[in-house]
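Everything below concerns the one structure shown next.
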Amino acid sequence: MVNVNDYAVIVGQGIIDELFLLAQRLQGKIIQNINSTAVGGGVAEILIRIIPLLRQLGVDARWDVIKGNERFFGITKKIHNALHGVNVEITSEDLGYFLETNRDNAQELNLYGDILFIHDSQPIALVEKKKDIGKKWIWRCHVDFTSPKQDIMNFLRSYIEKYDAAVFSAPAFAMDINLTQVLISPSIDPLSDKNKELPQETINSIMEGFGIDPNRPVITQISRFDYLKDPVGVIKAYRMCKKYIDCQLVLAGGGATDDPEGLKVLEEVKSAAADDPDIHVLLLPPASDIEINALQRASTVILQKSLKEGFGLTVAEALWKAKPVIAGAVGGIPLQITHKYSGILTHSIEGTAYYLKQLINEPEYARKLGENGREHIKNNFLITRHLRDYLLLFLSLYYEGDIIYL
Ligand code: UDP
């Protein structure tokens, strides 16, 4: 288990001392996080790392997961897609069932926290309980909110308004709403299995196990199999590049328990990959952190060709490893990449293919992008900054004028 003091070698002891000071002021308060999956996707990824660290700092942080059946998660995935601007039909029966499941969870879950920290839209309606039990309620939005479908927004708005504060990952997601809104970007944990340094032998043996040739360029995208990550677009860009460069493509990802579309997308990806032996479609089981770490480190270029993206932890993970990254210029990604300085931002398959060729052909330029990217992640998107922002947010709920009510 990582100790919170271990981060001092990366960020300095002053930052760690400050975290302990802030945490002290939250003594006696329970922070109850609630989301919709314990495994898979960025939200679980962050909670897995941040909860134990908050606890080490002395904050009583806990984590519960709502329950739902296939129908519920089918509906929440449609809501998720509609929030990302995708045309989907969500009926009033769907919304009724969504609310019913939220109400069942509100009955079953013990809402014991002093602060109820609700993540994303799946459990958003738990806040109906606020009128009975009071407490402080924060809604943490992890999705790309730049062009949501208005009808679903109007539905969710009536719940968002009930919260004491809403947290977004990027300034572009702010809402026109009468509510305290806070900008807190996600983060990666530099000491986790996903991001820690790895011995070269470990990297080599993992690549060998996947049958990837270490002597030819490797292009990698790590993502859940989701349309919004555009895996088929990635294959098309690779094919354009492959006409000029003998390279390999790795598309690696697992599922998330709250994402029922994964298998369908995976089938489409496999069929698009056809019988090209240089396309490696890897369905990873949960807890493949070392494998993902090794794949990222062994890659020549990392892609994240998302069409929508709340933040894109995979971008931060790759940049932290000083890798050149080509990513869609969407959602939270431009917070991480300044075009042609700390990576490449693209808007099309053709653009992606063009920059793939360039970065493979110009390793010195690619190296510089990666180095700048790593510095940017170090300064802005490590978990210690995230912890500090959360502690300040929790404290702010008890702050009025210049007095803190604890
Ligand atoms: N991830 C993983 N296994 C997979 C695919 C993704 O552990 O098979 C991780 C990935 O490394 C990243 C997170 O899941 O830490 C995905 O977060 P991101 O913000 O990139 O996308 P999201 O899935 O939340 O849309």
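Quick caveat, the model's predicted, so the values are computed rather than measured. Residue indices begin at 1 and follow the sequence shown. Both ligands and their constituent atoms are indexed starting at 1 by order of listing.
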Please report which non-hydrogen protein atom sits nearest to atom 3 (N) of ligand 1, along with the residue it belongs to and the distance in Å to one decimal place. Ile292 CD1, 3.2 Å
Answer with yes or no whether the side chains of Lys321 and Asn195 bring together a donor and an acceptor at under 3.5 Å. yes
Closest heavy-atom approach to atom 19 (O) of ligand 1 among Asp189, Ile333, Leu313 is made by Leu313
Kindly confirm or rule out an N or O of Gln296 lying under 3.5 angstrom from an N or O of ligand 1. no
For the CG atom of Leu126 and the CD atom of Gln107, what is their distance to the nearest 0.5 Å? 10.5 Å
For Glu317, take its heavy atoms, then give the atoms of ligand 1 lying under 4.0 Å from any of them. 10 (C), 11 (O), 12 (C), 15 (O)
CD/Glu208: more than 12 non-hydrogen atoms of other groups inside 6.0 Å: no
Considering only the protein, which heavy-atom contact is closest to atom 24 (O) of ligand 1, and what is its distance? Gly42 N, 2.7 Å
Who passes side chain to side chain contact (heavy atoms under 4.5 Å, CB included) against Ser121, sequence neighbours left out? Ile79, Leu83, Leu156
Quick check on contacts: which atoms of ligand 1 are under 4.0 angstrom from a heavy atom of Lys194? 2 (C), 7 (O), 9 (C), 10 (C), 11 (O), 15 (O)
If you measure from atom 10 (C) of ligand 1 to every heavy atom of Asp120, Thr314, Leu284, which option wins on shortest distance? Thr314
Let me confirm one number: the NZ-NZ distance from Lys242 to Lys357, rounded to the nearest 0.5 Å. 14.5 Å
Between Tyr244 and Asn361, is any side-chain donor less than 3.5 angstrom from a side-chain acceptor? no
Selected option - heavy-atom contact closest to atom 23 (O) of ligand 1, from Gln304, Arg224, Glu291: Arg224
Between Tyr159 and Phe155, is a ring pair (Phe, Tyr, Trp, His ring centres under 6.0 Å) present by the stated rule, with each step listed? CA-CA 8 Å; Tyr159 297 97; Phe155 171 77; 5.5 Å; yes
Can you list every ring-ring contact (aromatic ring centres under 6.0 Å, His included) pair that touches residues 39-82, not counting sequence neighbours? Phe72-Phe98, His80-His84
Does even one non-hydrogen atom of Lys229 get within less than 4.0 Å of ligand 1? yes
Among non-hydrogen protein atoms, atom 4 (C) of ligand 1 lies closest to Gly254 N, 3.4 Å
Please confirm whether Gly312 approaches ligand 1 to less than 4.0 Å, judged on its heavy atoms. yes
Can you report which non-hydrogen protein atom sits closest to atom 6 (C) of ligand 1, along with the distance? Ile222 CG2, 4.0 Å
